[in-house]
Every structure is written in structure tokens, then in C-alpha cells.
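The analysis underlying the following values was restricted to heavy atoms, covering all of them including side chains, and did not include hydrogens, waters or symmetry mates.
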Amino acid sequence: MFIKRFNIRNLIIALLVIGVDFMGCGALQAAPRSVPEINANPQTLNGLRFSHNNLQRLDIQNAHIKGLVFDNVQADNSRFINVTFENCKFTRVNFQSCRFENVAFKNCVIQGRGNPQDINNSTIFRYSVFKDVLFESTKLDNVMADDISGEGGYVYFRNMREVYPRGGTPDDDGQYAVLYGSDMHFRIVDSDLTKADLFIGLHSNSSFYAQNSKFSDLEMRSAYIYIENCTLRNTSMFSMNTMVITRSVLDDTDATTRKACYYAYNRYFGEGYSGPFNRKRCNIINGYDNAPVHVAHDDPAPAPLGIFCGHATVSNIHLQEPSMMNKAGNSKWGRELILNLRNVRISGGDWGYLEINGGNWENVTIEPTIRVDKTWLKNIKAFNLEYPQGEPWKHESKYGKPGEFSLDITPVAKPFAWPEAHVPTPKDIGLEWWPSEPGYRSGK
């Protein structure tokens with residue numbers, strides 16, 4: 001009788017222990033391991049880890065997934081629609097030729113492993129669709145996202161601080177793309193992209209719109225560019241359409257547009273030397289194909305800002321040692337420069353290899369020393385042009401010989417009629433900031 005009671009008691013205890021373990025230990029639960037199982041119930045991915053798995057052709061929809069880990073996983077040719085990934089980690093994952101639509105990555109890590117110059121060590125999004133995708137407080141390191149299609153949708157960076165892309169499509173300086181594609185609208189807010197060389201290449205039907213963010217060592221191309229309340233250092237921007245930079249801090253930047261450029265109420269800094277003759281580096285604007293360039297200013301601090309080409313109107317600014325150049329030998333850099341100046345003070349600068357083909361100058365003060373060589377200032381009409389410290393021009397070639405210089409300025413008796421200055425709003429050029437918040441919401 002004692003033996004029977006003992007065995008029954010031990011059996012009950014054993015069953016209770018097993019039951020507790022089964023209920024309290026997730027490792028003992030049946031986890032989906034096949035693509036059909038995952039697709040049927042994607043919410044069961046919460047807290048799971050996959051390593052060296054083949055998970056091609058996933059079809060995950062309407063899910064909020066937390067704590068998922070993909071390590072060296074093949075997940076190409078998959079679909080993710082109405083999904084939020086939160087606190088997830090993706091390392092060396094192949095997301096090639098996938099579709100991400102209404103997807104949010106929040107507090108995630110997306111990274112590669114090993115030598116970042118080998119794209120096989122990257123997490124790869126090549127040839128994928130990003131339509132309304134949010135990256136928020138997410139680390140991107142050794143990520144390859146080129147040949148991306150937006151299908152007219154949006155890609156958002158919010159509170160992004162750690163972006164170190166590798167792979168992708170290199171530009172001439174060996175930088176690599178954080179995003180490279182077409183038909184998409186890229187929005188950045190409250191982010192700091194200053195920790196690595198970055199290249200953002202957006203082509204046909206694209207736009208770039210940034211607010212309250214910092215950029216450094218960035219090359220960026222887009223059809224439309226709108227930047228407000230940002231800091232840009234050593235940044236190059238190219239717009240096939242309209243570019244607006246307003247209420248921002250610019251340090252050693254250059255901007256090129258083929259339609260129109262507006263620099264409004266910014267602060268300018270410059271340092272270092274570059275270009276022919278070791279001319280002093282400053283912020284440069286290029287209006288190719290005679291594109292209009294508008295510079296409006298309201299800060300009395302000197303501004304290292306130069307204009308190489310375009311039909312430019314500059315007002316209410318102190319230009320400090322501006323570099324101005326649109327010719328090299330017999331070939332033009334960016335074609336014609338028409339320069340209109342109103343309430344402008346110019347202190348020194350390098351105007352070698354410059355041709356200005358016209359302009360109205362009103363209330364303009366020019367101070368020494370401005371180096372001129374192969375410099376032609378033509379068809380300029382001036383009202384109240386002053387040289388308070390004497391003749392500002394220094395005729396000097398790069399060989400120390402007298403430089404070639406031609407000056408054609410005609411004084412006029414009356415001020416000019418100036419059109420009212422208007423800085424376009426995003427709405428004026430057809431840009432929308434943020435139509436809706438991407439990611440999964442119950443009931444969607």
C-alpha cells in the first residue's frame with residue numbers, strides 16, 4: 001500500500017512539474033518553422049529566433065511582431081503588408097525582391113556581419129518595393145537598399161541616429177547608398193545622419209523633404225528637394241526640379257538645380273580649401289540651364305556663399321570671400337550667370353574664371369580684395385555701387401602674372417523695380433509631408 005501511494009504521489013508531482021514547465025517555458029511550445037505555418041499565423045513570430053533558415057516567399061500581413069530575430073536568413077521574394085516590427089533584429093538577411101507596404105520598423109536593428117565591403121555580408125533589400133515604410137529609432141548598419149521602387153509611396157526616417165550603410169550603389173567618391181531608387185517620396189524628421197558617408201539617390205517622380213535633422217558627408221539627388229530647420233555640413237545636393245533650403249545651417253555645401261533654387265534665411269559657414277588655386281571653400285549654388293536662383297537673407301553675420309551659374313537674385317546679405325566661377329579655360333561650368341544684387345555687401349573673394357553676363361546691382365558695397373583673372377563682368381547696371389576702401393580688384397593669375405579682367409558697369413539714376421520675393425511652401429511645389437502613419441493597426 002505504501003509503494004502504491006508513493007508511486008501515485010510521485011506521478012502527480014511529476015505531472016505538475018511538467019505542466020508548470022510547459023506553461024512557463026516558451027521553448028517547449030510548438031513554434032512555426034515552415035513558411036506556410038508562419039503565413040497562416042504570423043503573430044506567433046513574437047520572440048522567435050531563426051538562424052540559417054530558408055524562408056523565401058513569406059506572406060506576412062496584418063501583424064504587430066515583437067522581438068523577432070533573423071540571423072543569416074533567406075527571406076527573398078516575400079511580402080510584408082500592414083506590419084509593424086518592434087524591437088526586432090535582422091542580421092545578414094536577404095530581403096531581395098520583397099514588397100514592404102505600410103510597414104514600420106521601430107527600435108529595430110538591421111545590419112550585416114563581417115567585411116562591409118562585401119555585399120554578401122549585408123542585409124539586402126535590392127530590387128524591393130518600399131511603399132509607405134517607416135524606420136523609427138532603428139539602427140541601419142551595412143545595409144544595401146538600391147534599385148528600390150516606391151510606387152509613388154513614402155519612406156520615412158524618424159529619430160534615426162545610427163545609419164552606417166555599405167554596399168549599394170557607389171557614387172564617384174566611394175560613398176554608398178542608404179536609399180537608391182525611383183518613384184518615392186523620402187521624408188526625414190528629428191534625425192542625425194552625421195556618422196558615416198551617405199548617398200541618397202532618388203530618381204524619376206521622387207522628392208526629398210527633411211525637417212529638424214542633421215546631415216554630414218551626404219550626397220543627395222532627387223527631383224524635388226525641400227529642407228527646413230536642418231544642419232548640413234559637407235553636403236552635395238542635386239535637384240532636377242525645384243530645391244528649397246530654408247531656416248537651416250549650411251557649412252561647406254553645394255547645390256545644383258535645373259529648374260529653380262531658393263535659399264531663404266539660412267546661416268552659412270565655410271572652412272578648409274578646395275578647387276583650383278586653393279580657393280577658400282564656401283557654400284556654392286549652381287543654377288544649370290539658366291535656372292533661377294533666389295537668395296533671401298536676414299542675418300547680419302558674414303556669409304561664405306558663392307554662385308557659379310544661373311539667373312540669380314541675391315538680397316540683404318553680407319557675402320564673405322565668395323568663390324565665383326563658371327568657366328575653366330574655354331569651357332563653361334554650368335553656363336551663364338546673370339547676377340542681380342540688392343542691399344549686398346561683398347568682402348573679398350576669388351572671381352577667377354568668372355563671366356557675368358548681366359545684372360542689376362542696387363545698394364551694393366564691394367571691399368578688397370577680389371582676385372580676378374579671365375574675369376568678365378558684362379552688361380551690369382548699378383544704382384548706388386560703392387568701393388569704400390578703394391578699388392577692390394586684384395589682377396592676378398595663378399602664375400603671379402597680371403590677370404585678364406574686363407568690367408562693364410553702367411550707373412543708373414533710379415532704383416530698380418524688384419518683384420516681390422516669395423519662398424515656395426511645400427504645398428506650392430506639390431509636396432505633402434506625411435499622409436498617414438505606416439504600420440499595423442488593429443482593425444485596419
Side-chain angles (χ1 to χ4, degrees), residues 225-228 239 241-248 250 255-268 282-324 326 334-347 349 351 354-367 370 376-388 392 407-429:
I225 296 173
Y226 203 102
I227 297 173
E228 57 184 340
S239 168
N241 206 296
T242 301
M243 178 188 306
V244 179
I245 303 178
T246 181
R247 304 293 180 188
S248 295
L250 284 71
T256 300
T257 182
R258 288 194 176 274
K259 185 172 181 180
C261 181
Y262 299 83
Y263 270 35
Y265 316 118
N266 301 305
R267 297 177 60 201
Y268 303 93
C282 67
N283 301 280
I284 300 297
I285 306 175
N286 298 292
Y288 274 21
D289 298 325
N290 306 321
V293 173
H294 302 271
V295 178
H297 203 59
D298 59 2
D299 188 337
L305 175 68
I307 301 171
F308 280 11
C309 57
H311 285 202
T313 300
V314 181
S315 60
N316 304 313
I317 194 170
H318 178 187
L319 298 176
Q320 181 185 44
E321 299 186 11
S323 290
M324 307 278 279
N326 60 4
R335 304 178 184 172
E336 183 175 71
L337 174 61
I338 303 293
L339 185 61
N340 300 302
L341 303 175
R342 185 186 187 194
N343 303 327
V344 174
R345 175 185 172 191
I346 301 172
S347 299
W351 291 19
L354 172 68
E355 181 176 340
I356 297 178
N357 290 304
N360 297 331
W361 293 8
E362 180 178 312
N363 299 330
V364 174
T365 299
I366 302 179
E367 302 168 350
I370 296 178
W376 295 271
L377 310 183
K378 306 175 182 178
N379 303 318
I380 295 172
K381 297 179 181 180
F383 175 80
N384 194 24
L385 171 63
E386 296 182 349
Y387 303 152
L407 182 63
D408 176 15
I409 297 181
T410 302
V412 297
K414 295 181 179 180
F416 302 100
W418 298 90
E420 183 179 355
H422 172 68
V423 180
T425 66
K427 186 177 181 180
D428 290 338
I429 58 176

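- Nearest heavy atom pair, residue Cys261 against residue Ile285, reads SG-CG2, 3.9 Å.
- Residues Ala260 and Ala291 come closest through the heavy atom pair N-CB, 4.3 Å.
- The CD atom of Gln320 sits 9.5 Å away from atom CZ of Arg345, with the distance rounded to the nearest 0.5 Å.
- Atom CD1 of Ile307 and atom CD1 of Ile356 lie 9.5 Å apart (nearest 0.5 Å).
- Across all non-hydrogen atoms, the minimal contact from Val293 to Cys309 is CG2-O, 4.2 Å.
- For the atom pair Thr365 OG1 and Tyr387 OH, the distance stands at 10.5 Å (nearest 0.5 Å).
- The two residues Arg247 and Tyr265 make their nearest non-hydrogen contact at NH1-CB, 3.2 Å.
- Summarising the geometry, atom CG belonging to Leu407 is positioned 7.0 Å from atom CD1 belonging to Ile380; distances are rounded to the nearest 0.5 Å.
- Within 6.0 Å of atom CZ in Arg267, 12 or fewer heavy atoms from other residues, nucleotides or ligands are found, so the atom counts as exposed in its surroundings.
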With side chain to side chain contact (heavy atoms under 4.5 Å, CB included) as the criterion, how do Leu385 and Ile366 come out once you've worked through the C-alpha distance, each side chain's angles and the decisive distance to 0.1 Å?
CA-CA 8 Å; Leu385 171 63; Ile366 302 179; 4.0 Å; yes
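- None of Asn357, Leu339, Asn340, Asn290 except one satisfies the side-chain contact (heavy atoms from CB on, under 4.5 Å) rule with His311; the exception is Asn290.
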Using the side chain to side chain contact (heavy atoms under 4.5 Å, CB included) rule, take Asn360 and Glu362 through it: C-alpha gap first, then chi angles, then the decisive distance, then the call.
CA-CA 7 Å; Asn360 297 331; Glu362 180 178 312; over 6 Å; no
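- Put simply, CD1 on Ile370 and CD on Glu321 are 10.0 Å apart, with the number rounded to the nearest 0.5 Å.
- When side chains are defined from C-beta on, Pro322 counts as touching Trp351, because their heavy atoms get closer than 4.5 Å.
- Counting heavy atoms from C-beta on, the side chains of Phe383 and Asn363 come closer than 4.5 Å.
- Tyr262 and His294 have parallel rings, their planes meeting at less than 30° on a 0 to 90° scale where 60° marks the start of perpendicular.
- Residue Tyr263 comes nearest to Ala255 through the heavy atom pair OH-CB, 3.0 Å, listed as atom of the first residue, atom of the second, then distance.
- Although no hydrogens or angles enter the test, the distance criterion places a donor-acceptor pair under 3.5 Å between the side chain of Asn266 and the main chain of Ser248.
- Between the side chains of Ser347 and Glu367, a donor-acceptor pair is found at a separation under 3.5 Å.
- When atom types are taken as modelled, the side chain of Asn283 and the backbone of Leu305 share no donor-acceptor pair closer than 3.5 angstrom.
- Here the closest heavy-atom approach between residue Phe308 and residue Leu337 is recorded as O-CB, 3.8 Å.
- The CE atom of Met324 sits 8.5 Å away from atom CD1 of Ile284, with the distance rounded to the nearest 0.5 Å.
- In this structure, the side chain of Asp299 engages the main chain of Ala301 through a donor-acceptor pair within 3.5 Å.
- At least one donor-acceptor pair closer than 3.5 Å links the side chain of Thr246 to the backbone N or O of Ala264.
- A salt bridge links Arg258 with Asp289; the closest basic N to acidic carboxylate O contact falls under 4.0 Å.
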Please evaluate residues Asn379 and Asp408 with respect to the criterion side chain to side chain contact (heavy atoms under 4.5 Å, CB included), reporting the C-alpha separation (whole Å), side-chain torsions for both, the decisive distance (0.1 Å), and the verdict.
CA-CA 6 Å; Asn379 303 318; Asp408 176 15; 3.6 Å; yes
